[in-house]
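These notes are about the structure you will find just below.
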Amino acid sequence: MIINGQPYRTVWMDDEAIKTIDQTLLPGRFEIVSLHDHHEVARSIESMIIRGAPAIGAMGAYGLAQAVSQLDRGDLDEIESLKQFFHATRPTAYDLTHALNTVFDKIAREADLPAMQQAAIKAAEAYADQSVEACRKIGELGNQLIRDGAVILTHCNAGALATVDYGTALAVVRVAHYEGKNITVYVDETRPRLQGAKLTAWELSQESIKHLIIADNAAGYYMQKGEIDIVITGADRIAANGDAANKIGTYEKAVLARANDVPFYIAAPISTIDFRCDSGEHIPIEERDESEVLIIDGKRIAPMDSRARNPAFDITPAEYIEGIITEKGIFKPAEIKLLASGNV
Ligand code: MRU
């Protein structure tokens with residue numbers, strides 16, 4: 001992604017530390033944070049310094065690699081408990097599980113600690129590179145769905161910030177824009193944490209992509225008026241039957257899209273698909289602190305004695321999803337099982 005004219009990834013590692021953009025400060029401040037050990041890495045995920053399923057996955061991969069490289073002695077059991085430690089940070093995003101397992105499997109093939117340490121770093125770098133490539137491909141394939149002049153509605157941030165680069169829904173937007181299509185993105189603000197207004201709008205501004213922020217509850221109005229051509233969101237976990245968990249409010253956008261004959265697509269890498277999860281009802285949904293609903297940018301907006309509930313994600317049933325844009329093609333929800341074998 002281009003930030004202030006320079007290319008960036010969302011997360012990377014150098015000799016000193018794991019580096020990431022602090023997303024809690026955007027759009028006001030652009031700051032890179034350095035994470036020096038597994039506690040700092042876990043905190044960065046929990047506090048949403050880094051967020052978005054593929055980005056959390058890459059951070060988990062780097063986090064495990066860094067933690068293993070800092071061991072003086074240790075065996076696979078110890079590495080397994082580090083894996084579980086990272087796994088507990090955010091429960092819904094399946095990419096985290098996928099990334100930790102990928103790195104762990106590479107480590108497990110080695111006989112001694114120095115070889116494990118080398119393998120871990122190599123596996124984390126390869127994981128991040130593959131993740132970038134998957135998103136680039138999603139953008140290319142999804143672009144076929146976008147006509148010149150299209151108005152695209154998106155929810156939350158499924159952009160480069162939510163991945164290692166390019167994004168998923170925003171990879172499609174980027175490619176359409178780079179090809180010279182005159183597109184406009186309607187950006188749901190995405191309460192309670194405002195990932196749309198703060199992050200998606202910032203990413204699109206950085207690359208001068210035309211966009212308009214709308215209140216979450218305005219999406220139905222514009223769909224009913226026929227102003228939206230297509231809805232594209234990301235996903236945090238997709239079950240084997242095509243049900244998809246994504247940011248709270250996605251489900252209602254999909255239902256509204258169906259009611260107004262607007263095609264609703266999910267853009268996600270295969271690393272987001274949990275083939276062992278039969279359907280959406282088995283996807284764990286994170287409930288976050290009520291303060292995210294009651295307080296905006298440090299200011300309480302509700303009466304002092306009011307309480308709140310704050311589910312971070314909801315499930316869109318497969319029947320509302322026109323297609324899932326992956327790096328291997330665009331599939332009907334019922335077809336994604338075919339991807340489990342890795343032979344497609
Ligand atoms: O709570 P967040 O900000 O991590 O939620 C992110 C989303 O819901 C994204 O849409 C999803 O992770 C897909 S990102 C390519």
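Ligands are counted one by one from 1 in listed order, and the atoms in each one are counted from 1 as well.
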Is the shortest side-chain heavy-atom distance between Met59 and Ile56 below 4.5 Å? no

Indicate if Ile232 and Ile273 have the same hydrophobic cluster label, given that clusters are the connected sets of ILVMFWY residues with side-chain heavy-atom separations under 4.5 angstrom. no

Check each protein residue for a heavy atom under 4.0 Å from ligand 1 and list those that pass, ordered by chain and number. Met48, Arg51, Gly52, Ala53, Pro54, Arg90, Cys156, Asn157, Ala158, Ala162, Thr163, Thr168, Gln195, Gly234, Ala235, Asp236, Asn246, Lys247, Phe313

CH2 of Trp202 to CG of Asn157, rounded to nearest 0.5 Å, is 10.0 Å

Lys/Arg-Asp/Glu bridge criterion (N-O < 4.0 Å) met for Arg136, Glu140: yes

If we count only N and O atoms by modelled type, under 3.5 Å, do the side chains of Asp289 and Ser291 hold a donor and an acceptor together? yes

With distance as the sole criterion, is a donor-acceptor pair present between the side chains of Gln23 and Arg51 under 3.5 Å? yes

